[in-house]
2 protein chains.
Amino acid sequence: MNRKITSQYQAEAEIFKALSHPTRLFILHTIKEKSYSVSQLAKMVGIDISTMSKHLDLLKRYKLIGGIKERNTVYYQLTIPCLFDFIRCARKMIDCSPECQQLQCVPKKLNQ
Amino acid sequence: MNRKITSQYQAEAEIFKALSHPTRLFILHTIKEKSYSVSQLAKMVGIDISTMSKHLDLLKRYKLIGGIKERNTVYYQLTIPCLFDFIRCARKMIDCSPECQQLQCVPKKLNQ
DNA sequence: CAGTTATTTGGTACTTTTGCCAAATTGCCA
DNA sequence: TGGCAATTTGGCAAAAGTACCAAATAACTG
């Protein structure tokens, strides 16, 4: 059954993995309003340009962002507008715990 | 600035990381309707019980699931009901690409 | 209490991810 | 064409994640 589960959830897991690094979340939030170049983003975060390039490449591979080349600078921008509906959704979930307690949707008997 | 970004997006990134493994997504979907024990889940996936225990522990650390002990078996269940609103939301995003093309929300000039 | 069952923890090996440096590539401009 | 600027790629080392086995723990049962 291992194979079956893998194929079913692999793709989904990979998207989450793409979103599972602070720098990449920063990128997505930062280029939401305005495109930035690789070196601009690298400077903002304080990491090597090549490292930033690789983060951007990863996001590009999952079609979350895309780059537009002007002269010899690549400006990155969001490809999927609904990405932020999603992230808003994620935050709602993350903040859910207290709400959950109000709504009493925590399992009745939790061992500690 | 590195520090600032880390603190701001670290927590969010960690939640995504918790969701970035096929087995853990399987767990969440499987215990949605009905609680299962560690060994039951391990058998379904076809991995070692100790490995499954560690996946469950990770999800528990992020308060996504909780365990109820009956006799000497621990049954795991979802803690956050809105988790699936979120996952539905994630799937919508993942399936977004074709929609996006219809809606022409792909950047105008994408270099390949 | 001794044995059994279920889970967790510790240890180890393997793989993947991340980040830097250096080198290669691409495209502009004099 | 030669040099410059921006980005990408390759290589390596450190860190993190994953999976197994074996041992430890916890809780029931005779």
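Residue numbering restarts at 1 for every chain, and letters A, B, ... go by the order of the sequence lines.
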Mind checking if Tyr75(B) touches a base, just sugar-phosphate, or nothing, with heavy atoms under 4.0 Å?
nothing
So what does Thr51(B) hit on the nucleic acid, given a heavy-atom distance under 4.0 Å: a base, only sugar-phosphate, or nothing?
base
Ser53(A) side chain to Ile49(A) main-chain N or O, any donor-acceptor pair under 3.5 Å?
no
Interatomic distance, Arg24(B) CZ vs dA19(D) C1' [rounded to whole Å]:
13 Å
Could you state the CE-P distance from Met52(B) to dG17(D), rounded to the nearest angstrom?
18 Å
Distance-only, no hydrogens or angles: does the Thr79(B) side chain make a donor-acceptor pair with backbone N or O of Ile65(B) under 3.5 Å?
yes
Expressed in angstrom and rounded to an integer, what is the separation of Leu19(B) atom CG from dG17(D) atom C1'?
15 Å
Counterpart residues, salt bridge (Lys or Arg N to Asp or Glu O under 4.0 Å), relative to Asp57(A) (two or more places apart)
Arg61(A)
Side chain to side chain contact (heavy atoms under 4.5 Å, CB included) involving His55(B) - partner list, sequence neighbours excluded
His21(B), Thr23(B), Arg24(B), Ile27(B), Ile47(B), Thr51(B)
Given that Lys17(A) and Asp57(A) both sit by DNA chain D, which one's nearest nucleotide is further toward the 5' end?
Asp57(A)
In whole angstroms, how far is the P atom of dG17(D) from the CD1 atom of Ile47(B)?
17 Å
Tell me: CD1 of Ile49(B) to P of dA22(D), nearest whole Å?
14 Å
For Lys54(A), what residues pass the side chain to side chain contact (heavy atoms under 4.5 Å, CB included) criterion, not counting sequence neighbours?
none
Tell me every residue that passes side chain to side chain contact (heavy atoms under 4.5 Å, CB included) with Ser50(A), counting only those two or more places apart in sequence or in another chain.
Asp48(A)
Contact class for Ser37(A) (heavy atom, under 4.0 Å): base, sugar-phosphate, or nothing?
sugar-phosphate
Under 3.5 Å donor-acceptor pair, Lys54(B) side-chain atoms to dG17(D) base atoms
no
Taking side chain to side chain contact (heavy atoms under 4.5 Å, CB included) as the test, write out the residues that go with Ser37(B), two or more places apart.
Ser39(B), Gln40(B), Thr73(B), Tyr75(B)
Rounded to the nearest Å, what distance is computed from the CG atom of residue Leu56(A) to the P atom of nucleotide dT8(D)?
7 Å
Check every nucleotide of DNA chain C for an atom under 4.0 Å from a heavy-atom of chain A, then give the first and the last such nucleotide from 5' to 3'.
dT17(C) to dC29(C)
Side-chain N or O of His21(B) less than 4.0 angstrom from OP1 or OP2 on dA19(D)?
yes
Does the protein touch nucleotides 24-30 of chain D at the base, only the backbone, or not at all? Give it as B, S and - per nucleotide, heavy atoms under 4.0 Å.
---BSS-
Residues which pass side chain to side chain donor-acceptor pair (under 3.5 Å) with Ser35(B), listed by chain and number, not counting sequence neighbours
Gln77(B)
Nearest whole angstrom, please: distance from the C1' of dA16(D) to the CD of Gln10(B).
12 Å
Any pair counted as ring-ring contact (aromatic ring centres under 6.0 Å, His included), so long as it reaches residues 35-54 of chain A, sequence neighbours left out
none
Categorize Thr73(B) for me: base, sugar-phosphate, or nothing, with a 4.0 angstrom heavy-atom threshold over every strand shown.
sugar-phosphate
